[in-house]
Number of protein chains: 2
Amino acid sequence: MIPSENRLAEEYGVALATMRMALKQLVDEGLLDRRRGTGTFVKQPAFRADLFRFFHVHDVDDPDIPVIPESRILSCQEVPLPPEVQKAFGADSASHCIKLERVRLWSGEPMLFEEVYLRLPDFEELLSLNLKTMGPLLYPVFLEKFGILISSATDELSFGIATETSAKQLELASEAPVAVIQRIARNPAGRVIEFRRVHGRPERFRYRVTLGDQPA
Amino acid sequence: MIPSENRLAEEYGVALATMRMALKQLVDEGLLDRRRGTGTFVKQPAFRADLFRFFHVHDVDDPDIPVIPESRILSCQEVPLPPEVQKAFGADSASHCIKLERVRLWSGEPMLFEEVYLRLPDFEELLSLNLKTMGPLLYPVFLEKFGILISSATDELSFGIATETSAKQLELASEAPVAVIQRIARNPAGRVIEFRRVHGRPERFRYRVTLGDQPA
DNA sequence: CAGTGGTCTAGACCACGTC
DNA sequence: ACGTGGTCTAGACCACTGG
């Protein structure tokens with residue numbers, strides 16, 4: 001909780017109405033929360049998990065049931081920056097980054113193979129973390145362990161051919177067709193935090209997204 | 001342009017600051033536009049064309065160049081409501097609807113085959129319109145000819161098999177693999193206006209979307 | 001230069017939550 | 001009862017736009 005509008009106005013030597021306008025602005029920006037009769041509070045940066053749960057593996061019976069696939073981490077190591085990751089991170093990137101590989105399963109079957117690239121030195125600690133204890137969603141981990149909030153992402157979907165690794169992990173023939181999702185995720189300042197490439201089994205792959213002003 | 005804040009405050013018998021707050025609210029809701037030294041204006045409902053240009057057919061040389069594919073309308077007729085369209089439109093739907101079929105081409109090659117379902121009687125006039133004169137984007141036509149604004153859409157992407165018709169139009173072998181996009185588009189009130197099913201040639205298909213708070 | 005909106009002041013009264 | 005934010009008042013000065 002921060003001091004009341006009365007105290008703040010006095011402290012900063014401005015009129016009450018002026019302070020009210022300033023506070024209103026911060027509320028509009030989502031930084032404060034005001035409750036009549038109670039006070040003004042700093043808002044926790046809300047992680048909109050719903051925004052990032054949009055890999056829908058369609059339930060056999062009801063495609064409207066969303067599922068968070070189970071996660072199995074294969075490896076997590078420091079590697080030289082691949083060129084496309086370099087392009088996404090921009091000029092101010094280090095020469096190396098962290099590469100995390102994992103498989104996501106549903107009902108015991110591998111559905112997605114993910115390669116996640118993260119900036120160094122920001123995520124250096126990840127190398128020494130016990131990855132087994134992590135939940136299936138990465139962004140809450142970024143927020144809790146590293147204080148890094150992912151607030152926007154650009155996904156690009158296309159069709160491609162499985163690599164040797166992705167074919168093996170998805171239990172497909174090599175060079176089988178796969179769904180390809182490439183994601184660039186950013187913090188609120190627009191800095192690219194993550195580059196991700198995902199291969200998915202095509203026959204059960206489903207991606208859903210809603211754009212525009214959501215009706216209430 | 002609407003009257004100045006001074007005149008409005010006087011007319012409605014409220015203080016200037018109160019009228020200012022009220023106007024501010026309407027600005028926040030996107031209904032008004034205020035310009036200092038000029039006046040207050042009713043805002044045209046902005047059609048966010050950028051929101052709906054997200055079928056990216058990747059340019060061979062530069063995948064970052066967005067393209068609006070050319071449009072060729074094949075048919076436009078009244079048909080009974082297919083079950084999945086019924087489900088999208090809901091209980092208050094008529095028993096028939098308009099079905100519009102078209103092919104979208106780029107560099108003369110067919111890339112996408114679209115089946116667009118629209119509500120009756122809202123779009124009744126579409127049957128008698130000269131479709132040749134329409135531009136490649138449908139939503140501006142909805143707005144200009146019918147006063148209907150599309151403000152949100154949910155897309156669902158998956159992989160499927162070409163139908164007889166889509167294979168023919170895309171110049172593929174029958175039962176060839178295709179990209180499938182299903183779209184439900186709504187007006188600001190949340191009413192479903194359009195149901196669309198799109199088949200795309202997989203090898204050149206690319207779909208890009210950005211979610212979250214876009215950095216400035 | 002006249003009129004517009006943008007910002008600010010110094011009050012007032014009210015609705016709501018907590019104690 | 002008291003302190004909180006929500007709304008309102010009746011002014012003031014400034015910055016910008018247009019003719």
Side-chain angles (χ1 to χ4, degrees), chain A residues 1-51 140 143-144 147-152 186-191 212-216, chain B residues 1-51 140 143-144 147 149-152 187-190 210 212-216:
Chain A
M1 176 173 173
I2 68 173
S4 77
E5 49 184 18
N6 283 312
R7 301 180 61 79
L8 284 172
E10 190 183 351
E11 185 174 339
Y12 287 91
V14 300
L16 185 70
T18 307
M19 181 53 69
R20 289 191 56 69
M21 282 190 279
L23 292 171
K24 170 73 158 56
Q25 215 171 310
L26 293 173
V27 169
D28 288 346
E29 287 171 27
L31 300 175
L32 292 180
D33 200 14
R34 314 194 76 194
R35 290 194 289 273
R36 168 158 50 179
T38 309
T40 302
F41 301 84
V42 178
K43 208 167 168 183
Q44 288 300 112
F47 174 71
R48 298 284 311 282
D50 54 319
L51 277 186
L143 184 58
E144 284 154 29
I148 293 176
L149 173 70
I150 298 293
S151 70
S152 79
R186 306 174 206 82
N187 70 8
R191 180 179 165 86
D213 305 318
Q214 255 78 277
Chain B
M1 175 173 172
I2 68 173
S4 77
E5 49 184 20
N6 282 311
R7 301 182 61 79
L8 284 172
E10 192 184 350
E11 186 174 338
Y12 286 92
V14 300
L16 185 69
T18 308
M19 181 54 69
R20 291 190 55 69
M21 281 189 281
L23 292 170
K24 171 73 159 55
Q25 215 171 310
L26 294 173
V27 169
D28 288 345
E29 287 172 28
L31 299 174
L32 292 180
D33 200 13
R34 311 194 77 194
R35 290 194 289 273
R36 168 159 50 180
T38 310
T40 302
F41 300 84
V42 178
K43 208 167 169 184
Q44 289 299 110
F47 174 70
R48 299 283 310 284
D50 54 319
L51 277 187
L143 185 58
E144 284 154 29
L149 173 69
I150 300 292
S151 69
S152 78
N187 69 7
T210 297
D213 305 319
Q214 255 78 278

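So you know, we letter chains A, B, ... as the sequences are listed, proteins then strands, and number each from 1.
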In whole Å, what is the span from the [atom1] atom of [X] to the [atom2] atom of [N]?
X	N	atom1	atom2	value
A:Q25	C:dG6	CD	C1'	12 Å
A:M1	C:dG17	CE	C1'	11 Å
A:M21	D:dG5	CE	P	16 Å
B:E10	D:dG11	CD	C1'	15 Å
B:L8	C:dG3	CG	P	16 Å
A:N6	D:dC2	CG	C1'	13 Å
B:M19	C:dT7	CE	C1'	19 Å
B:L23	D:dC8	CG	C1'	15 Å

Could you say whether A:G37 or A:L16 is positioned toward the 5' end of DNA chain C, judged by the nucleotide with the nearest heavy atom to each?
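Nearest-nucleotide comparison on DNA chain C picks A:L16.
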Any side-chain heavy-atom pair of B:I2 and B:T40 under 4.5 Å
yes
Just so I know, are the side chains of A:L16 and A:N6 near enough to count as touching, which here means a heavy-atom distance under 4.5 Å?
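Heavy-atom side-chain distance check passes, below 4.5 Å.
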Within the structure, does a side-chain N or O atom of [X] lie under 4.0 Å from either OP1 or OP2 of [N]?
X	N	value
B:T40	C:dT4	no
A:T18	C:dT7	no
B:R20	C:dG5	no
A:S4	D:dT4	yes

Using a 4.0 Å heavy-atom cut-off, does B:R35 contact any base of the nucleic acid, only the sugar-phosphate backbone, or nothing at all?
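Sugar-phosphate contact only.
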Of the nucleotides [options], which has the atom closest to the [X] side chain?
X	options	answer
A:E5	D:dG5, D:dG18, D:dT9	D:dG5
A:A15	D:dG5, C:dG5, C:dT9	C:dT9
A:R36	C:dC16, C:dC8, C:dG17	C:dC16

Greater than 12 external heavy atoms within 6.0 Å of B:R7's CZ
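Count not over threshold, so no.
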Tell me, yes or no, whether the heavy-atom count around A:R191 atom CZ, taken from other residues, nucleotides or ligands under 6.0 Å, exceeds 12.
yes
Using side chain to side chain contact (heavy atoms under 4.5 Å, CB included), reason through B:K43 and B:R34 one step at a time and then give a plain yes or no.
CA-CA 9 Å; B:K43 208 167 169 184; B:R34 311 194 77 194; over 6 Å; no
Between A:T38 and A:A17, which residue's closest nucleotide on DNA chain D lies nearer the 5′ terminus?
A:T38
